[in-house]
Amino acid sequence: MRPFRYERPDDPLAAVALLADDPTATFLGGGTNLVDLMKLGVARPDVVVDVARLTGRAVETLPEGGVRIGAAMPNSDLAADPVIRHRYPVLSQALLAGASGQLRNLATTAGNLLQRTRCVYFQDVTTPCNKREPGSGCSAVDGWTRHHAVLGASQHCVATHPSDMAVAMAALDAVVQVQGARGPRRIPVVELHRLPGDEPQRDTSLEHGDLITSVDLPDLPVTARSHYAKVRDRASYAFALVSVAAVLDVHDGIVGHVHIALGGVAHKPWRATIAEDMLRGGPATTDAFRAAAVAELTRARPLPDNAFKVPLARNVLVSVLGHLTSSAGAGR
Amino acid sequence: MDVEITLQVNGVDRRLVVDTRTTLLDALRERLGLTGAKKGCDHGQCGACTMLLDGRRVNSCLALAVAHQGADVVTIEGLTPARGLHPPAGVPRPRRLPVRLLHPRPDLLGPGDAGRGPSGLAQCGRRRAARGDGAPARDGAASDDAASDGVVLDDDEIRERMSGNLCRCGAYANIVPAIAEYATAEHARK
Ligand SMILES: Cc1cc2nc3c(=O)[nH]c(=O)nc-3n(C[C@H](O)[C@H](O)[C@H](O)COP(=O)(O)OP(=O)(O)OC[C@H]3O[C@@H](n4cnc5c(N)ncnc54)[C@H](O)[C@@H]3O)c2cc1C
Ligand code: SF4
Ligand code: FES
């Protein structure tokens with residue numbers, strides 16, 4: 001690991017200023033991704049600015065409705081928070097489906113959102129990778145692609161975003177609060193992560209030095225239900241092959257509010273807007289769910305090792321919507 | 001770049017100078033001679049390095065020591081209570097298990113059980129610290145309102161809470177009933 005200076009400012013503006021002054025400086029949350037990447041030589045900061053105690057570590061209810069999650073709140077606390085478990089079960093379920101108890105105790109909300117891809121070539125500094133070293137080529141395109149994208153990829157990068165939590169937040173229309181060098185701003189989670197295009201080195205729409213201070217979740221319709229399902233190579237402690245986060249509100253058999261996000265399939269949490277548009281205002285039936293899932297996945301362009309993700313995503317989507325309309329989904 | 005830090009390690013204040021790159025795991029193993037926590041993968045993938053950091057289990061291989069200045073750290077070496085071992089009510093001594101699923105206090109554990117007892121728990125030291133904290137009440141698959149939310153500590157739940165530790169001894173089928181038995185006994189003691 002490269003030597004670095006460690007800073008722990010006690011004010012968010014000071015943290016932002018420390019990064020503004022230095023293009024090689026980086027923020028540190030729980031370190032479960034950054035420290036790993038520093039050991040691998042993928043991240044090589046000169047200055048590490050610890051923000052794990054700088055922003056909120058709790059869930060607050062907002063006067064205008066919804067809740068605000070502190071950026072430094074540990075994943076385990078967020079998953080356990082009674083308000084989250086009661087009002088946004090999809091988020092609690094997504095968190096608990098990710099990593100392990102030990103990791104969730106260290107990992108923070110902001111760090112989870114900004115964790116980098118688990119593409120094996122990205123993590124191996126001896127192989128070409130456009131994300132790690134722009135212009136060097138993409139080793140995955142002709143390599144091992146089981147965990148790679150089927151939607152929205154480019155010839156420059158076919159990586160997926162690994163976060164479970166971010167998929168739930170995308171389905172919840174969460175909004176990230178950011179403190180930048182030029183002041184605060186708000187970025188919807190669906191616009192935070194990018195598709196790779198010809199700049200795969202940019203995971204997100206953030207600029208260097210932007211500090212995430214909190215994440216807001218808007219209120220859901222009181223009768224809406226939500227659920228997260230994740231399919232992986234082993235039952236626990238593994239990244240998603242495919243996951244689905246869905247929020248659904250049905251009245252008299254007709255779909256009202258419906259938000260769906262897919263994980264494990266793209267460079268960002270994939271909002272299934274085609275499926276949502278087909279479902280909204282229509283009957284909440286298995287046939288309708290299947291038609292919407294099929295339509296959403298027509299845009300899929302699988303790679304040699306991951307064609308299975310297309311029917312898998314379709315089937316998991318149908319099953320999650322089925323669960324949310326069954327009596328079993330009623331508890332949530 | 002060297003920095004001076006203090007840590008409370010197994011109840012004792014320790015002051016040490018570390019390079020900023022030093023992980024909590026390396027600080028304790030290499031600098032303080034506490035080799036009970038193991039370096040398995042060094043990348044957060046196995047759980048062999050598990051310690052209690054401010055009362056919660058973490059992968060110490062991914063925690064920078066400098067970022068945990070002043071923290072309270074408990075390793076496997078710190079699990080023996082000063083007053084000695086005590087079996088939980090209703091569990092005969094040979095089956096006393098180094099697991100704690102329901103309580104946040106590490107001193108409730110009964111260590112010294114490595115390789116002992118019919119349960120086959122704790123084959124190796126690395127398993128013990130790691131499983132020793134079990135799933136503190138604040139996390140695991142069920143999180144801290146487990147009881148109130150009707151989460152049942154069934155076999156699947158126990159397996160899920162154990163999944164952050166990859167070790168060959170985790171394959172012993174009897175670990176799951178052993179944890180269930182211990183958890184029930186601990187619960188009854190409350
Ligand atoms: C073995 C293993 C298995 C895992 N399995 C899963 C899984 O199944 N599902 C899943 O979702 N995740 C999984 N993870 C990833 C884990 O969830 C992330 O490592 C964790 O959430 C990152 O949070 P952190 O606070 O430790 O981030 P850090 O490592 O501290 O930081 C990550 C990034 O976020 C930036 N950052 C941190 N805080 C801020 C802030 N406030 N503002 C701006 N930037 C910030 C850092 O600069 C860094 O670039 C796994 C990790 C490991 C090691
Ligand atoms: S898929 Fe993206 S991250 Fe992986 S090797 Fe190609 S460019 Fe790098
Ligand atoms: S050594 Fe830390 S998780 Fe493997």
Side-chain angles (χ1 to χ4, degrees), chain A residues 1-8 28-40 45-53 74-86 89 92-93 95-97 99-107 111 118 123 232 234-239 331-332, chain B residues 1-3 5 18-26 41-69 130 133-146 148-151 156 159-166:
Chain A
M1 201 191 291
R2 221 165 108 109
F4 60 87
R5 193 174 91 232
Y6 171 85
E7 299 276 355
R8 194 199 286 181
L28 172 73
T32 60
N33 188 225
L34 182 65
V35 173
D36 197 4
L37 293 175
M38 285 164 68
K39 288 182 183 187
L40 293 167
D46 284 334
V47 182
V48 168
V49 179
D50 191 344
V51 295
R53 284 163 206 80
N75 288 179
S76 46
D77 289 5
L78 183 57
D81 187 89
V83 174
I84 299 296
R85 284 170 73 89
H86 181 66
S92 183
Q93 291 161 5
L95 283 157
L96 293 174
S100 68
Q102 288 96 317
L103 287 160
R104 293 191 294 266
N105 277 338
L106 281 172
R118 307 301 288 199
Q123 295 188 330
R232 39 193 156 171
R234 59 183 182 208
S236 184
Y237 204 7
F239 287 91
R332 292 293 188 180
Chain B
M1 202 163 289
D2 284 348
V3 278
I5 60 166
V18 292
D19 185 284
T20 51
R21 291 171 287 184
T22 314
T23 61
L24 199 55
L25 177 65
D26 286 340
C41 64
D42 211 21
H43 290 282
Q45 297 172 355
C46 73
C49 63
T50 301
M51 296 176 186
L52 297 179
L53 177 65
D54 293 327
R56 296 168 162 219
R57 57 175 173 160
V58 301
N59 304 84
S60 62
C61 68
L62 293 182
L64 292 175
V66 63
H68 298 284
Q69 158 77 348
D133 71 310
R138 292 196 66 79
D139 70 352
S143 9
D144 70 344
D145 60 343
S148 61
D149 211 24
V151 175
D156 285 347
R159 287 197 183 91
E160 173 59 34
R161 291 184 185 207
M162 289 168 60
S163 80
N165 295 87
L166 303 187

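First the proteins, then the strands, lettered A, B, ... as listed; each starts at 1.
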_Counting only non-hydrogen atoms closer than 4.5 Å, does A:R8 touch chain B with its backbone (N, CA, C, O), its side chain (CB onward), both, or neither?_
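Looking at A:R8, just its side chain touches chain B.
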*Is it the side chain or the backbone of A:D50 that comes within 4.5 Å of chain B heavy atoms, both, or neither?*
side chain
*For each of A:M38, A:K39, A:R2, tally heavy-atom pairs with chain B at distances under 4.5 Å, and name the one with the top tally.*
A:K39
So for [X], is it side chain, backbone, both, or neither that comes closer than 4.5 Å to the heavy atoms of chain A?
| X | result |
| --- | --- |
| B:D42 | both |
| B:V66 | both |
| B:S60 | neither |

How close do [X] and [Y] get, heavy atom to heavy atom, and via which atoms?
| X | Y | answer |
| --- | --- | --- |
| A:G31 | A:L28 | CA-CD1, 3.5 Å |
| A:I84 | A:S92 | CG2-N, 4.0 Å |
| A:S100 | B:G164 | CB-CA, 3.5 Å |

_Main-chain N/O of B:T50 paired with B:N59 side-chain donor or acceptor, under 3.5 Å_ =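 No, the answer is negative, given that no donor and acceptor are paired below the 3.5 Å cut-off.
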*asked:* Quick test of your reading of the model: are B:D2 and B:R21 salt-bridged, counting only N-O distances below 4.0 Å?
replied: no
